[in-house]
Number of protein chains: 2
Amino acid sequence: MASRTPAGPVTMEDVAREAGVSRAAVSKVIRDAHGVSAAMRERVTTAIATLGYRPNVSARGMRGATYTLGIEIPELANPFFPRLLAGVTAAVSASPYQLIVAPADPANVEGYRAIQALVDRQVDGVIAVSPLVEPAWLEALAATVPVVMLGRHDRASGYDTVANDDEAGTRQAMRHLIDLGHRDIAHLTCEETKTVPGSGVPQAIRLETYREVMRESGLDAHIRVVRTPTGEAGACRTATRLLTGPERPTAIFASHDEPALGVQRAIAEAGLTPMDVSVVGYDDIEIARHPGVSLTTVNQDGERIGRLAAELLLERIAGRTEPRQEIVRPELVVRSSTRPPP
Amino acid sequence: MASRTPAGPVTMEDVAREAGVSRAAVSKVIRDAHGVSAAMRERVTTAIATLGYRPNVSARGMRGATYTLGIEIPELANPFFPRLLAGVTAAVSASPYQLIVAPADPANVEGYRAIQALVDRQVDGVIAVSPLVEPAWLEALAATVPVVMLGRHDRASGYDTVANDDEAGTRQAMRHLIDLGHRDIAHLTCEETKTVPGSGVPQAIRLETYREVMRESGLDAHIRVVRTPTGEAGACRTATRLLTGPERPTAIFASHDEPALGVQRAIAEAGLTPMDVSVVGYDDIEIARHPGVSLTTVNQDGERIGRLAAELLLERIAGRTEPRQEIVRPELVVRSSTRPPP
DNA sequence: CTGAAAGCGCTAACAT
DNA sequence: ATGTTAGCGCTTTCAG
């Protein structure tokens, strides 16, 4: 099968010669620009197939589009992100665009480097999950290339955003715990640099909302915010300290599912059970429904968010300029990791 | 910070003018080719910084390298693959290369499209996890660009491979079950198209080895191979049929962890426990050690495999031509999902 | 050690 | 509807 043969050094020139037409004609056919007769399209298509021609994306990138969309993702190890990606992939697969992913390397979590790498490669559009990059930088970037940011709550003028309603989700989770009768509810979240108040970062909003709900419920005295490094293992260690220390909380609301899993492990390793300490997460990653995990959590429909982001990006590429901000409604999923306090 | 400003249309020409040198000089400095005086390097570097110059990768790609490495991955939803990626990322981060990921879209699992997309983009090297592409195609590809294949056991001449010893791993798993006293051991694996005997695909080797061990142990009559579509949910449905049907096996060896999680769920939903049916997986994904999952499985060190692959690729790019095939030794991790038969 | 000049493969005017 | 031509920004001989 010719189309399965890896590209040799076949150029558009070769195709033109084979088909007995000009390079411009070939160019028009492959971009299906209009102004080509059916006959010509036919001949060119045939020539492309017999020669196994593949357009050189670098060359295209120098004049027009690369037909490449880039997505920057901070940690693929957190299963929530692959879900986002699945949504984007699905939405893009029908388009003529190819998606490439730039993983932010751990040394540069903010994502500047990865996003820049994408732009350096002349992608036609960028989706990014970088809660920590500065809005001003993004505006400047968006002036260059269409941009959609995920999980951001800032009111941008040059780029689009898709986020879930972190306040509503957090309220549902906290309401659930309080309704069960919990009062000693701790919040496990990431380092302070990632939860700057007013930054619009999801974790920051969840934290603020946690505090608000506690206050509204007259539980000011029970507010307890615990910081932990990224990852399940770190969360487990931190939770172990919390659980074995004085005044063990009866419930822990984790900023997202990954650390929640670590908390569950800490609970088990401390010889405790969900009857002793309840846990709530955020995201509803697939494993949360596993019978041995059974984590109560807030579902954000990652695939939907990803799909939406891709659609917005495609719209932008097609020419839209008014910014759009989509907010997706999250939904609490109650499982057995939450019980009434002992 | 200048380097944090998104690239404007600053070209090498601009840098050359700013520094008062020729374009060629700038080119040499950014590639740090030799033949540049310290003074010149200094001036050029300064000019680059003040102008916020970013090399245009497309333009570079037309003559020389793109400093981009591509990795093709079939399903990011399976947590094993992000581990591979972490290894690759780590190994590459110190190099001048940028890594981009091309997710194989579900409609083209074999990965031809994604790999081709990478090559079309003039990457300087390719790592791929495509058990199903044909060796001949890969050889042709490898003649064009350095290639390292993951999980493949074929004896290639033009590209490198890194794989774990699937036979050894499977033998450890099966030995464990048999030593526990199991005789009715079923094997849950993927569709037949993915387990063609002699194909060298990991799943095929695990299947063959399962059969061998059963025969060697005089359990020919108990050989039972069950096919299931990709994903946890499908595995759960399939396992439910197996568990509720006649002659329930006392143990299930799943081709990898993802379906094993589905089996565990099926067991729980059928009102059974690990005391009734044992489960073994393959991969040792992070969640396997969660107390509620506690899956006995075969550890393949994904990060190590990824790191190795990246190192081999870098060697190839540096000029090595003799093929290398690395086999990584797997190791059984016993947890509580396996018990003696009832 | 440095600069001038020739393309790489393609697209986008502009002709025809 | 089709062909001609001028670059895009860079690397790479080849001179100086």
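FYI, side chains are in, hydrogens and waters are out, and symmetry mates aren't considered; it's all heavy atoms of this structure. Letters A, B, ... mirror the listed sequences (proteins, then strands); counts begin at 1.
Distance alone, capped at 3.5 Å, is enough to place a donor-acceptor pair between the B:Arg43 side chain and the B:Ala19 backbone.
Among D:dT4, D:dC8, D:dT11, the nucleotide with an atom closest to any side-chain atom of A:Met62 is D:dC8. The A:Ile30 side chain lies nearest to C:dT11 when the options are C:dT2, D:dT4, C:dT11. For B:Ala24, whose side chain is taken as the heavy atoms from C-beta onward, the closest listed nucleotide among C:dG9, D:dC10, C:dG3 is C:dG3. Taking every side-chain heavy atom of B:Asn56 into account, D:dG9 is the closest of C:dC10, D:dG9, C:dC1. In the set C:dC10, D:dG9, C:dT2, D:dG9 carries the atom at the smallest distance from any side-chain atom of B:Thr11. Ranking C:dC1, C:dT11, D:dC10 by closeness to the A:Arg23 side chain, first place goes to C:dT11.
Sequence order on DNA chain C of the closest nucleotides to B:Gly20 and A:Ala59 puts B:Gly20 first from the 5' end.
When the side-chain nitrogen and oxygen atoms of A:Tyr53 are compared with OP1 and OP2 of C:dC10, one or more of them lie within a distance under 4.0 Å. B:Ser27 has a side-chain polar atom (N or O) that falls below the 4.0 Å cut-off from OP1 or OP2 of D:dT11. Look at B:Ser37 and you'll find a side-chain N or O under 4.0 angstrom from OP1 or OP2 of C:dT2. Not one side-chain nitrogen or oxygen of A:Ser22 sits closer than 4.0 Å to the OP1 or OP2 atom of D:dT2. In this model, the phosphate group of C:dA12 is approached by a side-chain N or O of A:Arg31 to a distance below 4.0 Å at OP1 or OP2. Of the side-chain N and O atoms in A:Arg60, none sit less than 4.0 angstrom from OP1 or OP2 of C:dC10.
The closest side-chain heavy-atom distance from B:Tyr159 to B:Val148 is not below 4.5 Å.
Atom CG of A:Leu51 and atom P of C:dG9 are 14 Å apart (whole Å). We find that NZ of B:Lys28 is positioned 18 Å from C1' of D:dG9, with the value rounded to whole Å. When rounded to the nearest whole Å, the span between CE of A:Met12 and P of C:dT11 equals 4 Å. With rounding to whole Å, A:Asp32 atom CG is found 16 Å from D:dA1 atom C1'. Atom CD in B:Gln122 sits about 18 Å away from atom P in D:dG9, given to the nearest Å. We find that CZ of A:Arg41 is positioned 12 Å from C1' of D:dA1, with the value rounded to whole Å. Between the CZ atom of B:Arg63 and the C1' atom of C:dG9 there is a distance of 11 Å, given to the nearest Å. Rounded to whole Å, the distance from CZ on B:Arg17 to C1' on C:dA4 is 16 Å.
Under a 4.0 Å N-O distance rule, the pair A:Arg54/B:Asp120 qualifies as a salt bridge. Salt bridge present: A:Glu326 and A:Arg324 bring a charged side-chain N and a carboxylate O closer than 4.0 Å. Ion pair B:Asp301/B:Arg83 not flagged as a salt bridge, since none of the NZ, NE, NH1 or NH2 atoms sits closer than 4.0 Å to an Asp/Glu carboxylate oxygen.
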Review point. Could you walk me through whether B:Thr68 and B:Arg121 pass the side-chain hydrogen bond (donor to acceptor under 3.5 Å, both in side chains) check?
Key: CA-CA 9 Å; B:Thr68 307; B:Arg121 281 158 186 75; over 6 Å; no

